[in-house]
Amino acid sequence: QEAGMPDPRHELGRDKLVEKIIDFVGESRDTIRRQIRAMGSSCDWSRERYTMDPQLNRCVNGVFARMFRDGLIYRAPRIVNWDPHLQTTVSDDEIEHQERHAKFYTIKYGPFLVGTSRPETKLGDTAVAVHPDDERYREHIGKVYEVQWPKGPKISVRVVADEEVDPETGTGALGVTPAHSAVDFDIAERHDLPLIQVIGEDGRMTEAAGEHYAGMTVEECREAFAAELEAAGLMVEVKDYVQQTSICYRSKKPIEPLPKPQWFIAVDKPAVPWKGRRLSLKQVLRDAVASGDIRILPDHQEKTYFHWIDNLRDWCISRQIWWGHRVPVYYRGEEDMYVGHEPPVGDGWAQDEDTLDTWFSSALWTWSTLIDPELAKDPSKSLRELLAESPDYRKFHPTAVMETGYDILFFWVARMILMTTYATGEVPFRTVYLHGLILDKDGDKMSKSKPETAVDPTEVIQESGADILRLSMMLGNAPGQDLKLTPERMTGCQRLVTKIWNASKLIDVTVGRIVDAGVRSALAVPEAPEHPVNRWMLDRLRELIVRVDGRFAAYAFGDAAEQIRQSFWNELCDFYLEAIKVEPLSGSRETAAVLMHALRTYLKLFHPYMPFVTEHLWGELVDGESMLLHAQWPEAPAAHDFAETEAVDAVVRLVAAVRGVRAEQNLEPGAQIELAVEATSHQAVFEACGPIIARLVRASEVQWIDAGADEPANASLAVDPDFKAAVSLGEADRQAERQRLEKQLAHTEKRLAGLEKQLANENFVTRAKPEAVENVRRNAEDARATLESVRERLAALGA
RNA sequence: AGACCCGUAGCUCAGUUGGUUAGAGCGCUACGUUGACAUCGUAGAGGUCAGCGGUUCAAGUCCGCUCGGGUCUACCA
């Protein structure tokens with residue numbers, strides 16, 4: 001239509017149109033393939049499938065035929081959602097709701113007053129329904145009234161009693177229009193009422209609406225009829241009213257409920273064998289998740305799923321469109337009908353013109369894709385035989401994890417559960433991981449129907465690279481949470497990727513200085529290096545792996561990435577890579593081994609998030625022969641759980657504390673300071689780290705003070721449970737030092753007061769977990785020790 | 001109308017089973033660096049965790065209500 005062909009179906013005919021669609025599909029498929037590859041997804045491309053592949057069609061037909069035999073698929077005239085614009089039915093799930101400012105009319109109707117927002121449908125009324133207990137109308141039940149509509153037909157309405165009618169709503173009398181309302185259709189079935197269709201498939205009034213109105217559009221007729229009612233004195237009231245209207249998700253045009261024979265799936269019929277019982281499809285849907293056979297993440301989405309099942313009605317699966325799996329039903333004359341996965345033998349058979357809802361074939365996805373394409377060519381095989389004999393099906397079904405957006409839970413996930421439990425007797429997957437949606441900077445969700453919100457991955461990749469795009473969508477994002485993809489978000493990821501590149505280069509150069517290139521690959525991970533900082537690095541890596549594995553197990557991929565980033569930046573780059581610039585670490589072979597181990601480990605951990613950069617670095621710096629993609633996921637060796645870790649953590653704190661003093665005392669940034677340290681614990685590790693400390697805080701050297709000895713007089717003192725560090729001031733700024741200490745004093749006192757209050761609470765000490773109490777005790781002791789030191793120092797300074 | 005989600009630093013968001021002093025990125029301030037760093041480093045400012053009530057020794061976390069924002073579902077004539 002956009003290319004200037006107003007009615008392509010008419011002008012081209014079925015075969016030509018389908019050919020054009022095939023061309024279009026080919027282009028889309030190429031785009032999708034390009035995008036998925038550019039994103040670096042690791043797919044098994046040898047098993048690529050398309051829903052229209054012959055083997056999948058075979059499964060569609062087979063399932064349809066079996067469901068028909070089991071009475072789960074039926075054809076019946078029902079009220080369907082008809083799109084007059086697209087000339088097809090659409091399913092309940094393909095309808096969107098829109099508010100429309102409308103009028104609410106109250107019409108005099110025989111002895112009743114009846115309310116409606118669609119007066120034009122009243123031309124096709126065949127009954128008035130009231131609640132059986134409604135005293136106001138009891139006398140009328142069972143009677144028949146003739147109503148002459150102005151310039152319209154004379155209709156005859158029977159008064160029926162029906163529980164569905166709510167006496168509180170409107171006047172309590174409901175004009176029944178069986179042909180144009182699903183509720184009314186059901187009422188008509190219960191009371192065997194006739195059906196008059198006054199709106200046609202073209203969206204215009206039919207002859208049944210009377211000569212005057214026939215041919216008008218629905219809107220025209222509404223206005224014209226309302227005016228006539230007014231003139232005839234039958235219009236009692238007209239109010240403004242906000243109406244919820246149904247529109248088609250694709251055409252965005254109003255849906256017209258119409259009676260039409262269509263194919264349906266019966267969701268309430270108990271015909272499915274499941275766990276030794278015969279259940280309805282609805283019941284199986286419910287059981288698959290309620291029993292825990294399938295887990296939906298995040299958990300709260302299970303509620304949404306159950307809510308959907310509760311409201312599910314029979315699913316209309318036939319469409320009057322030409323692209324799709326054709327309904328496998330064949331007719332001959334008026335009488336003969338054949339349903340099967342192969343066309344019937346003999347002449348004179350014509351296939352049903354309709355196609356199936358796209359979700360019908362998508363619902364078979366987890367197993368139809370695993371059916372052996374060769375076996376599927378054999379028409380003598382039953383569906384059960386195809387399943388039993390297809391190696392991929394036997395090996396890979398059920399799928400472990402189904403990952404998709406939560407907006408598609410009903411369309412796809414629920415229908416896969418429905419169809420797969422029926423067709424295979426198995427659940428399609430064990431875990432459903434529902435990710436969030438991508439939002440633009442204004443918070444609007446990315447969607448095909450709103451091109452301005454769409455992000456084309458290939459464009460972003462051209463500019464920033466796939467790794468940064470991937471990271472931006474994962475780093476720090478919680479499961480199922482929507483995500484604003486903004487330039488600011490990508491900036492941080494850009495920096496991380498660059499940092500990894502640079503740190504890897506430094507590791508490469510450093511290792512190259514220590515060992516020959518040929519020896520590098522022979523560097524084994526040291527079991528127990530000598531230097532505490534090397535031990536610390538191995539232990540940090542070990543613990544990081546444990547944390548990341550834990551986060552992965554919880555499907556918290558964003559948090560896992562955050563953990564890796566923190567460790568990489570703060571522990572490796574900011575501390576370890578600085579520490580090893582100092583002797584004896586700088587020249588030691590064990591440092592080279594730890595460096596290579598760290599590089600390998602971080603590359604592996606980052607690889608799922610940024611496959612391209614890490615793969616490249618792996619090839620250049622670690623192993624040119626193998627691929628990182630194929631490498632073993634890192635394991636956390638228990639042997640690397642070293643006791644020195646706590647001590648080196650104290651060293652890290654010492655460095656930070658001294659830097660803090662430097663900043664607060666406004667010491668000349670380039671100047672070397674004189675530093676004296678009393679290690680109240682971990683003396684050996686502190687002393688081993690002396691040169692590192694000296695470098696990181698720009699001290700000429702570290703002087704060690706014996707426990708209890710006096711600190712230098714003209715110095716600023718940093719106090720910690722594990723150490724006291726004195727920075728000589730030369731021209732002492734006592735005022736600044738006093739302020740700094742008083743700040744720490746106030747802070748520590750406040751903290752201690754809180755801790756002591758907690759310990760004084762009998763209930764806390766007796767009822768809280770012992771570890772919690774022990775923690776508070778230890779912290780209180782530390783705080784007291786710190787206070788004492790700070791007070792002493794203040795006193796010494798006081799004079 | 002019903003269901004669900006969200007409300008935490010200027011912005012975008014983390015915060016696992018309730019447990020010390022609530023975190024990150026971006027932005028901001030000051031200083032420094034250009035011998036891994038398409039910069040980076042160091043230090044810092046910034047939060048009554050929407051509000052009210054409850055449970056508990058202990059609540060950002062559990063429960064109830066209210067107010068805001070959003071999504072989905074719906075056959076009110």
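Every chain is numbered from 1 and lettered A, B, ... according to where its sequence line falls, protein lines coming before strand lines.
- Here A:R313 reaches the OP1 or OP2 of B:C75: one of its side-chain N or O atoms lies under 4.0 Å away.
- Judged by Watson-Crick or G-U wobble contacts below 3.5 Å, the nucleotide B:U73 has B:A1 as its partner.
- Remark: A:D310 does not engage A:K282 in a salt bridge, criterion side-chain N to carboxylate O under 4.0 Å.
- Ranked by how close their nearest RNA chain B nucleotide is to the 5' end, A:R778 and A:E488 are led by A:R778.
- One atom, CG of A:L483, and another, P of B:C13, lie 8 Å apart when rounded to the nearest Å.
- Across all strands shown, B:U17 forms no Watson-Crick or G-U wobble pair with both distances under 3.5 Å.
- B:A22: no Watson-Crick or G-U partner with both key distances under 3.5 Å is found in any strand.
- Note that A:R495 lies outside the cation-pi zone of A:W569, set by a 6.0 Å cut-off to the ring centre and a 45° limit from the axis.
- Taking the side chain of A:F764 as heavy atoms from C-beta on, and the options B:C72, B:U12, B:G19, the nearest nucleotide is B:G19.
- Across the C1' atoms, B:A9 and B:G47 are found 5 Å apart, a figure rounded to whole Å.
- Residue contacts shown for A:A503 include a base, since a base heavy atom lies under 4.0 Å away.
- Side chain to side chain, A:N570 and A:Y576 fail the donor-acceptor criterion of an N or O pair below 3.5 Å.
- Minimum atom distance to the side chain of A:H747 is reached by B:U21, of the listed B:C72, B:U12, B:U21.
- Residue A:K303 places none of its side-chain N or O atoms closer than 4.0 Å to OP1 or OP2 of B:A3.
- Of the P atoms belonging to B:C49 and B:U8, the separation is 11 Å, rounded to the nearest Å.
- Between B:C13, B:U42, B:A14, one nucleotide has an atom nearer to the side chain of A:D574 than all others, and that is B:U42.
- In this structure, B:G68 forms a base pair with B:C6, meeting either the Watson-Crick or the G-U wobble geometry with both donor-acceptor distances under 3.5 Å.
- Out of B:A3, B:A36, B:C72, the shortest distance to the side chain of A:K445 is found at B:C72.
- The side chain of A:K499 contributes an N or O atom lying less than 4.0 Å from OP1 or OP2 of B:G41.
- Put simply, CG on A:L475 is 10 Å from C1' on B:A14, counting in whole angstrom units.
- At a threshold of 4.0 Å, the pair A:D299-A:R295 counts as salt-bridged, since one of the basic side-chain nitrogens sits closer than that to a carboxylate oxygen.
- Residues A:K103 and A:D240 are paired through a salt bridge, judged by an N-O separation under 4.0 Å between the basic side chain and the carboxylate.
- Each of B:C5, B:U16, B:U12 was ranked by its minimum atom distance to the side chain of A:R551; first place goes to B:U16.
- Note on A:F185: nothing from the nucleic acid sits closer than 4.0 angstrom, heavy atoms only.
- Between A:K769 and A:E771, none of the side-chain N atoms (NZ, or NE/NH1/NH2) sits under 4.0 Å from a carboxylate O, so this pair counts as no salt bridge.
- The residue A:V114 sits apart from the nucleic acid: no heavy atom pair falls under 4.0 Å.
- Phosphate proximity of B:A38 to A:N502: present, with a side-chain N or O under 4.0 Å from OP1 or OP2.
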Are there any protein N/O atoms within less than 3.5 Å of an N/O atom in nucleotides 27-35 of chain B, and if so, which ones and at what distance?
from: B:G27; atom 1: OP1; to: A:R495; atom 2: NH2; distance (Å): 3.4

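- Nearer the 5' end of RNA chain B, as judged by each residue's closest nucleotide, is the contact made by A:G492, out of A:A657 and A:G492.
- Comparing the P positions of B:C72 and B:C63 gives an interatomic distance of 25 Å, to the nearest angstrom.
- A:E749 has no carboxylate O lying under 4.0 Å from a charged side-chain N of A:R784, or vice versa, which leaves the two without a salt bridge.
- A salt bridge links A:E543 with A:R547: the closest approach of a Lys/Arg side-chain nitrogen to an acidic carboxylate oxygen falls below 4.0 angstrom.
- Taking 4.0 angstrom as the limit, A:W569 places a side-chain polar atom (N or O) nearer than this to OP1 or OP2 of B:G41.
- Taking only side-chain atoms of A:Q481, from C-beta outward, the nucleotide of B:A77, B:C26, B:A14 with the closest atom is B:A14.
- Aromatic rings from A:H180 and A:F185 are positioned such that their centres are separated by 6.0 Å or more.
- With 3.5 Å as the limit, one finds a donor-acceptor pair spanning the side chains of A:S567 and A:E571.
- Looking at heavy-atom distances under 4.0 Å, A:E578 makes contact with a base.
- Looking at the side chain of A:Q566, the nearest of the listed nucleotides B:A24, B:U12, B:C72 is B:A24.
- Using N1 to N3 plus N6-O4 or O6-N4 for Watson-Crick, or N1-O2 and O6-N3 for G-U wobble, each under 3.5 Å, B:G47 pairs with nothing.
- A side-chain donor-acceptor contact under 3.5 Å links A:D162 and A:H191.
- Considering only the side chain of A:R565, B:G25 comes nearest among B:C5, B:A36, B:G25.
- Note on A:N775: a base of the nucleic acid sits closer than 4.0 angstrom, heavy atoms only.
- Separating the CG atom of A:L577 from the C1' atom of B:G41 is a distance of 14 Å, rounded to the nearest angstrom.
- When Watson-Crick and G-U wobble pairs are counted only if both distances are under 3.5 Å, B:G35 pairs with no nucleotide at all.
- Between B:U42 and B:G25, the two P atoms lie 11 Å apart (nearest whole Å).
- The separation of B:C31 from B:G70, taken at their C1' atoms, amounts to 44 Å, rounded to a whole angstrom.
- Between the side chain of A:R662 and the base of B:U42, no donor-acceptor pair under 3.5 Å is found.
- Here the P atom of nucleotide B:A43 and the CG atom of A:L696 are 11 Å apart, to the nearest Å.
- Nucleic acid contact class of A:K769 (heavy atoms, under 4.0 Å, all strands): base.
- In this structure, A:A768 reaches the bases: a heavy-atom distance under 4.0 Å links it to at least one base atom across the strands shown.
- Looking at heavy-atom distances under 4.0 Å, A:T486 makes no contact with the nucleic acid at all.
- Between the CD atom of A:Q563 and the P atom of B:U16 there is a distance of 12 Å, rounded to whole Å.
- Atom P of B:A45 sits at a distance of 37 Å from the matching atom of B:U55, rounded to the whole Å.
- Spacing between B:A59 and B:U73 at atom C1', rounded to whole Å, works out to 33 Å.
- Look at CG on A:D559: it is 14 Å from C1' on B:G25, rounded to the nearest Å.
- Closest to the A:K505 side chain, of the nucleotides B:C4, B:U73, B:A36, is B:A36.
- Residue A:C573 is classed as a base contact, given a heavy-atom separation below 4.0 Å to a base.
- Evaluation of atom-type donor-acceptor distances gives no pair under 3.5 Å for the side chain of A:R659 against the base of B:U42.
- Between B:C28 and B:G10, the two C1' atoms lie 8 Å apart (nearest whole Å).
- A side-chain N or O of A:D125 and one of A:T177 form a donor-acceptor pair less than 3.5 Å apart.
- Counting to the nearest Å, the C1' atom of B:U12 and the CG atom of A:L439 are 11 Å from each other.
- Closest to the A:T498 side chain, of the nucleotides B:C13, B:A14, B:A38, is B:A38.
- Nucleic acid contact class of A:K757 (heavy atoms, under 4.0 Å, all strands): none.
- A:R118 comes within 4.0 angstrom of nothing in the nucleic acid, heavy atoms only.
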